Amino acid sequence: IDFIATESNEVFAHFFGTSPQVYLNKRGSTVHITGNRDFFNSVISRMRNRENEILTYDVFISTTGIYVKVVMYHTSKDELVALLINTTELKNKDIEIDNNKKLFNDLITNIPVGIELYDSDGNLTDLNDIDMEIFGVADKELLMRSGQNIFRNPNFDLVAMQKLRDDNENGFSQIINMTKAITSYYPHNKESNSTNLYVKVSKVYDTVGKLKGYIVIHLDNTELVNDRNTISDFQSLFSLVS
(Lines give C-alpha, C1' and ligand atoms only; values in the text may rest on other atoms or scores of the structure.)
Protein backbone atom coordinates (compact mmCIF):
# COMPACT_ATOMS: atom_id res chain seq x y z
CA ILE A 1 0.00 0.00 0.00
CA ASP A 2 3.03 2.26 -0.33
CA PHE A 3 1.53 4.54 -2.97
CA ILE A 4 2.87 7.89 -4.14
CA ALA A 5 0.56 10.90 -3.85
CA THR A 6 0.67 12.89 -7.08
CA GLU A 7 -2.11 15.40 -6.44
CA SER A 8 -4.36 16.62 -3.62
CA ASN A 9 -6.52 19.66 -3.01
CA GLU A 10 -7.03 22.08 -0.12
CA VAL A 11 -10.13 20.28 1.16
CA PHE A 12 -8.27 16.99 1.39
CA ALA A 13 -5.49 18.70 3.32
CA HIS A 14 -8.03 20.38 5.60
CA PHE A 15 -9.44 16.98 6.57
CA PHE A 16 -6.00 16.02 7.86
CA GLY A 17 -5.18 19.44 9.33
CA THR A 18 -2.21 20.14 7.10
CA SER A 19 -1.31 21.55 3.65
CA PRO A 20 -1.49 19.77 0.28
CA GLN A 21 2.27 19.99 -0.15
CA VAL A 22 2.78 17.58 2.73
CA TYR A 23 1.62 14.69 0.54
CA LEU A 24 2.79 15.60 -2.94
CA ASN A 25 5.30 13.17 -4.48
CA LYS A 26 5.70 11.33 -1.21
CA ARG A 27 5.06 7.71 -0.44
CA GLY A 28 2.25 6.77 1.88
CA SER A 29 4.70 5.28 4.36
CA THR A 30 6.37 8.66 4.88
CA VAL A 31 3.18 10.52 5.83
CA HIS A 32 0.39 9.74 8.26
CA ILE A 33 -2.01 8.32 5.66
CA THR A 34 -3.01 4.92 6.96
CA GLY A 35 -5.72 2.44 6.11
CA ASN A 36 -6.89 -1.11 6.42
CA ARG A 37 -4.19 -3.27 4.82
CA ASP A 38 -6.64 -5.95 3.67
CA PHE A 39 -8.81 -3.31 2.05
CA PHE A 40 -5.91 -1.73 0.16
CA ASN A 41 -4.61 -5.12 -0.88
CA SER A 42 -8.02 -5.84 -2.41
CA VAL A 43 -7.87 -2.47 -4.19
CA ILE A 44 -4.43 -3.28 -5.63
CA SER A 45 -5.68 -6.70 -6.72
CA ARG A 46 -8.61 -5.16 -8.56
CA MET A 47 -6.34 -2.61 -10.20
CA ARG A 48 -4.01 -5.33 -11.43
CA ASN A 49 -6.96 -7.27 -12.81
CA ARG A 50 -8.28 -4.06 -14.39
CA GLU A 51 -11.57 -4.32 -12.53
CA ASN A 52 -13.36 -0.95 -12.53
CA GLU A 53 -15.33 -1.51 -9.36
CA ILE A 54 -15.85 1.55 -7.14
CA LEU A 55 -14.92 0.89 -3.51
CA THR A 56 -15.93 2.82 -0.41
CA TYR A 57 -14.97 2.79 3.24
CA ASP A 58 -15.34 5.05 6.27
CA VAL A 59 -12.44 6.62 8.16
CA PHE A 60 -12.15 8.66 11.34
CA ILE A 61 -9.23 11.12 11.21
CA SER A 62 -8.11 11.37 14.82
CA THR A 63 -5.87 14.42 14.26
CA THR A 64 -8.81 16.62 13.28
CA GLY A 65 -11.82 14.68 14.63
CA ILE A 66 -13.36 14.48 11.16
CA TYR A 67 -15.28 11.49 9.80
CA VAL A 68 -14.93 10.92 6.05
CA LYS A 69 -16.29 8.49 3.51
CA VAL A 70 -13.65 7.50 0.98
CA VAL A 71 -14.74 6.60 -2.54
CA MET A 72 -11.94 4.94 -4.53
CA TYR A 73 -11.60 3.96 -8.18
CA HIS A 74 -8.75 3.60 -10.65
CA THR A 75 -8.45 5.31 -14.02
CA SER A 76 -5.59 3.20 -15.37
CA LYS A 77 -3.39 0.33 -14.31
CA ASP A 78 -1.23 2.40 -12.00
CA GLU A 79 -3.45 5.30 -10.95
CA LEU A 80 -5.87 5.37 -8.06
CA VAL A 81 -8.29 8.22 -7.29
CA ALA A 82 -9.73 8.73 -3.81
CA LEU A 83 -12.60 11.12 -3.18
CA LEU A 84 -13.11 12.10 0.45
CA ILE A 85 -16.52 13.29 1.65
CA ASN A 86 -16.92 14.92 5.06
CA THR A 87 -19.58 12.89 6.93
CA THR A 88 -18.90 14.30 10.42
CA GLU A 89 -22.29 16.01 10.75
CA LEU A 90 -24.15 12.89 9.64
CA LYS A 91 -22.02 10.69 11.91
CA ASN A 92 -22.66 12.96 14.91
CA LYS A 93 -26.39 12.84 14.17
CA ASP A 94 -26.24 9.05 14.02
CA ILE A 95 -24.47 9.01 17.38
CA GLU A 96 -27.08 11.39 18.84
CA ILE A 97 -29.90 9.22 17.48
CA ASP A 98 -28.31 6.09 18.95
CA ASN A 99 -27.94 7.81 22.33
CA ASN A 100 -31.56 9.00 22.22
CA LYS A 101 -32.74 5.50 21.33
CA LYS A 102 -30.81 4.06 24.28
CA LEU A 103 -32.22 6.73 26.60
CA PHE A 104 -35.76 6.07 25.35
CA ASN A 105 -35.38 2.29 25.70
CA ASP A 106 -34.01 2.70 29.24
CA LEU A 107 -36.92 4.99 30.06
CA ILE A 108 -39.50 2.58 28.64
CA THR A 109 -37.92 -0.32 30.56
CA ASN A 110 -37.52 1.34 33.95
CA ILE A 111 -40.38 3.83 34.22
CA PRO A 112 -43.04 2.62 36.74
CA VAL A 113 -46.00 2.83 34.34
CA GLY A 114 -47.34 0.60 31.59
CA ILE A 115 -46.41 1.79 28.10
CA GLU A 116 -47.63 0.62 24.71
CA LEU A 117 -46.36 1.85 21.34
CA TYR A 118 -48.35 1.70 18.11
CA ASP A 119 -47.45 2.60 14.52
CA SER A 120 -49.32 5.13 12.39
CA ASP A 121 -51.87 2.48 11.36
CA GLY A 122 -52.61 1.71 15.01
CA ASN A 123 -50.80 -1.65 15.12
CA LEU A 124 -49.04 -2.60 18.35
CA THR A 125 -45.25 -2.47 17.97
CA ASP A 126 -44.01 -2.74 21.56
CA LEU A 127 -44.94 -2.67 25.24
CA ASN A 128 -42.98 -2.75 28.46
CA ASP A 129 -42.95 -5.28 31.30
CA ILE A 130 -45.12 -3.12 33.58
CA ASP A 131 -47.88 -3.05 30.96
CA MET A 132 -47.70 -6.84 30.64
CA GLU A 133 -47.98 -7.18 34.40
CA ILE A 134 -51.02 -4.88 34.57
CA PHE A 135 -52.98 -7.03 32.12
CA GLY A 136 -51.50 -10.38 33.07
CA VAL A 137 -49.76 -10.92 29.74
CA ALA A 138 -47.33 -13.82 30.05
CA ASP A 139 -46.26 -14.22 26.42
CA LYS A 140 -45.19 -11.00 24.72
CA GLU A 141 -44.49 -12.70 21.39
CA LEU A 142 -47.99 -14.18 21.37
CA LEU A 143 -49.45 -10.74 21.97
CA MET A 144 -47.35 -9.19 19.20
CA ARG A 145 -48.47 -11.90 16.76
CA SER A 146 -52.14 -11.47 17.67
CA GLY A 147 -52.44 -8.34 15.51
CA GLN A 148 -53.57 -5.95 18.25
CA ASN A 149 -54.73 -2.57 17.00
CA ILE A 150 -55.35 0.48 19.16
CA PHE A 151 -58.61 1.25 17.34
CA ARG A 152 -59.98 -2.17 18.23
CA ASN A 153 -59.23 -1.88 21.95
CA PRO A 154 -62.65 -2.25 23.67
CA ASN A 155 -61.33 -0.65 26.84
CA PHE A 156 -61.09 2.81 25.28
CA ASP A 157 -63.87 5.36 24.88
CA LEU A 158 -65.24 4.90 21.34
CA VAL A 159 -66.03 8.58 20.82
CA ALA A 160 -62.55 9.67 21.93
CA MET A 161 -60.92 7.05 19.71
CA GLN A 162 -62.96 8.16 16.70
CA LYS A 163 -61.87 11.77 17.24
CA LEU A 164 -58.29 10.58 17.57
CA ARG A 165 -58.54 8.65 14.32
CA ASP A 166 -60.26 11.45 12.44
CA ASP A 167 -57.34 13.75 13.26
CA ASN A 168 -59.53 16.07 15.33
CA GLU A 169 -57.73 15.33 18.59
CA ASN A 170 -54.12 14.71 19.54
CA GLY A 171 -54.97 12.59 22.54
CA PHE A 172 -57.24 11.88 25.47
CA SER A 173 -57.22 10.44 28.97
CA GLN A 174 -59.70 8.32 30.88
CA ILE A 175 -60.10 6.10 33.92
CA ILE A 176 -60.88 2.45 33.26
CA ASN A 177 -62.74 0.41 35.86
CA MET A 178 -60.90 -2.88 35.64
CA THR A 179 -63.74 -4.82 37.27
CA LYS A 180 -65.90 -3.96 34.24
CA ALA A 181 -63.25 -3.50 31.55
CA ILE A 182 -63.06 -5.95 28.69
CA THR A 183 -59.66 -7.61 29.06
CA SER A 184 -59.96 -9.97 26.08
CA TYR A 185 -57.91 -7.46 24.07
CA TYR A 186 -54.83 -8.82 25.84
CA PRO A 187 -54.11 -12.59 25.74
CA HIS A 188 -53.53 -13.21 29.45
CA ASN A 189 -53.38 -15.91 32.08
CA LYS A 190 -54.66 -13.99 35.09
CA GLU A 191 -57.05 -11.21 35.94
CA SER A 192 -55.74 -7.80 36.91
CA ASN A 193 -55.78 -6.95 40.61
CA SER A 194 -56.41 -3.30 39.82
CA THR A 195 -59.73 -1.56 40.41
CA ASN A 196 -59.03 1.61 38.46
CA LEU A 197 -56.54 2.29 35.72
CA TYR A 198 -55.59 5.80 34.64
CA VAL A 199 -54.93 5.87 30.88
CA LYS A 200 -53.37 8.49 28.62
CA VAL A 201 -53.41 8.11 24.83
CA SER A 202 -51.57 10.48 22.52
CA LYS A 203 -50.32 10.82 18.97
CA VAL A 204 -46.59 10.86 18.30
CA TYR A 205 -45.16 13.07 15.55
CA ASP A 206 -41.73 13.35 13.97
CA THR A 207 -39.72 16.57 13.69
CA VAL A 208 -41.59 17.69 10.55
CA GLY A 209 -45.03 17.09 12.03
CA LYS A 210 -45.80 13.77 10.35
CA LEU A 211 -47.77 11.24 12.38
CA LYS A 212 -45.46 8.41 13.47
CA GLY A 213 -47.82 6.50 15.73
CA TYR A 214 -49.49 6.44 19.12
CA ILE A 215 -48.38 6.00 22.70
CA VAL A 216 -50.55 4.61 25.49
CA ILE A 217 -49.60 4.96 29.14
CA HIS A 218 -51.34 3.06 31.96
CA LEU A 219 -50.99 4.05 35.61
CA ASP A 220 -52.00 1.07 37.75
CA ASN A 221 -52.75 2.39 41.23
CA THR A 222 -56.27 3.09 42.47
CA GLU A 223 -55.29 5.23 45.43
CA LEU A 224 -52.90 7.36 43.40
CA VAL A 225 -55.46 7.82 40.63
CA ASN A 226 -57.85 9.35 43.17
CA ASP A 227 -55.19 11.87 44.19
CA ARG A 228 -55.40 14.96 41.97
CA ASN A 229 -51.82 15.95 42.73
CA THR A 230 -50.62 12.54 41.64
CA ILE A 231 -52.60 12.79 38.41
CA SER A 232 -50.90 16.13 37.79
CA ASP A 233 -47.54 14.45 38.39
CA PHE A 234 -48.55 11.70 35.99
CA GLN A 235 -49.36 14.26 33.32
CA SER A 236 -45.87 15.70 33.73
CA LEU A 237 -44.45 12.19 33.54
CA PHE A 238 -46.37 11.55 30.35
CA SER A 239 -45.00 14.75 28.81
CA LEU A 240 -41.49 13.53 29.61
CA VAL A 241 -42.11 10.15 27.98
CA SER A 242 -43.69 11.77 24.93
Side-chain angles (χ1 to χ4, degrees), residues 96-165 169-206 211-242:
E96 181 181 0
I97 289 173
D98 289 340
N99 290 338
N100 287 340
K101 284 182 178 178
K102 183 179 184 304
L103 176 62
F104 180 73
N105 289 333
D106 290 343
L107 184 62
I108 293 295
T109 301
N110 298 311
I111 199 169
V113 295
I115 296 178
E116 298 172 7
L117 301 176
Y118 295 82
D119 63 20
S120 57
D121 293 322
N123 299 312
L124 181 66
T125 59
D126 202 3
L127 73 163
N128 66 355
D129 292 343
I130 299 296
D131 201 74
M132 292 174 59
E133 182 180 342
I134 289 175
F135 293 98
V137 177
D139 190 335
K140 181 176 181 179
E141 294 302 320
L142 174 62
L143 177 64
M144 300 303 295
R145 293 195 304 269
S146 63
Q148 301 294 7
N149 188 283
I150 191 173
F151 298 109
R152 295 195 297 268
N153 190 332
N155 296 305
F156 293 153
D157 180 88
L158 294 179
V159 176
M161 288 302 296
Q162 189 62 43
K163 290 182 178 179
L164 189 71
R165 190 169 198 170
E169 299 289 343
N170 288 326
F172 66 90
S173 59
Q174 70 178 85
I175 294 179
I176 295 177
N177 187 324
M178 292 300 291
T179 60
K180 299 179 180 179
I182 302 172
T183 56
S184 59
Y185 178 79
Y186 304 89
H188 62 286
N189 60 1
K190 68 181 181 66
E191 295 297 331
S192 172
N193 295 322
S194 304
T195 302
N196 287 331
L197 194 64
Y198 188 81
V199 182
K200 179 77 175 182
V201 182
S202 182
K203 293 178 177 177
V204 178
Y205 298 92
D206 62 15
L211 178 67
K212 298 297 292 183
Y214 305 86
I215 183 171
V216 177
I217 298 182
H218 295 111
L219 179 60
D220 180 23
N221 193 311
T222 304
E223 293 181 1
L224 293 180
V225 165
N226 293 328
D227 187 333
R228 290 186 177 181
N229 291 330
T230 303
I231 290 180
S232 177
D233 292 341
F234 176 69
Q235 295 281 15
S236 299
L237 181 63
F238 173 79
S239 297
L240 172 63
V241 175
S242 298

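Bear in mind that the values here come from a model prediction, so they are computed numbers and not experimental data.
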Please tabulate, one pair per line, all N/O donor-acceptor pairs under 3.5 Å involving side-chain atoms of residues 120-127, not counting sequence neighbours.
unit_1, atom_1, unit_2, atom_2, d
Asn123, OD1, Asn149, ND2, 3.0
Thr125, OG1, Leu117, O, 3.0
Asp126, OD1, Lys140, NZ, 2.7

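- To the nearest 0.5 angstrom, Leu211 atom CG is 9.5 Å from Asp119 atom CG.
- For Glu96, the side chain to side chain contact (heavy atoms under 4.5 Å, CB included) criterion is met by Asn100, not counting sequence neighbours.
- The CD atom of Gln174 sits 9.0 Å away from atom CG of Leu197, with the distance rounded to the nearest 0.5 Å.
- Judged as a ring-ring contact (aromatic ring centres under 6.0 Å, His included), and not counting sequence neighbours, Tyr118 has no contacts.
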Please walk me through it: do Ile150 and Met161 pass side chain to side chain contact (heavy atoms under 4.5 Å, CB included)? CA-CA 9 Å; Ile150 191 173; Met161 288 302 296; 3.8 Å; yes

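- Counting only residues at least two apart or in different chains, salt bridge (Lys or Arg N to Asp or Glu O under 4.0 Å) contacts with residues 149-164 are absent.
- Taking Asn170 as the reference, Tyr205 meet the side chain to side chain donor-acceptor pair (under 3.5 Å) condition, with sequence neighbours excluded.
- Partner of Val199 under the side-chain contact (heavy atoms from CB on, under 4.5 Å) criterion, chosen from Asn153, Ile176, Asn155: Ile176.
- Legend: residues meeting salt bridge (charged side-chain N to carboxylate O under 4.0 Å, His left out) with Lys102, ordered by chain and number and at least two apart, are Asp106.
- For Asn128 (side chain) and Ile115 (main-chain N/O), a donor-acceptor pair under 3.5 Å exists by modelled atom type.
- For residues 138-165, the ring-ring contact (aromatic ring centres under 6.0 Å, His included) pairs, not counting sequence neighbours, are Phe151-Tyr214.
- In this view, Gln162 and Asp166 satisfy the side chain to side chain donor-acceptor pair (under 3.5 Å) rule, not counting sequence neighbours.
- With sequence neighbours excluded, the residues forming a side chain to side chain contact (heavy atoms under 4.5 Å, CB included) with Asn99 are Ile95, listed by chain and number.
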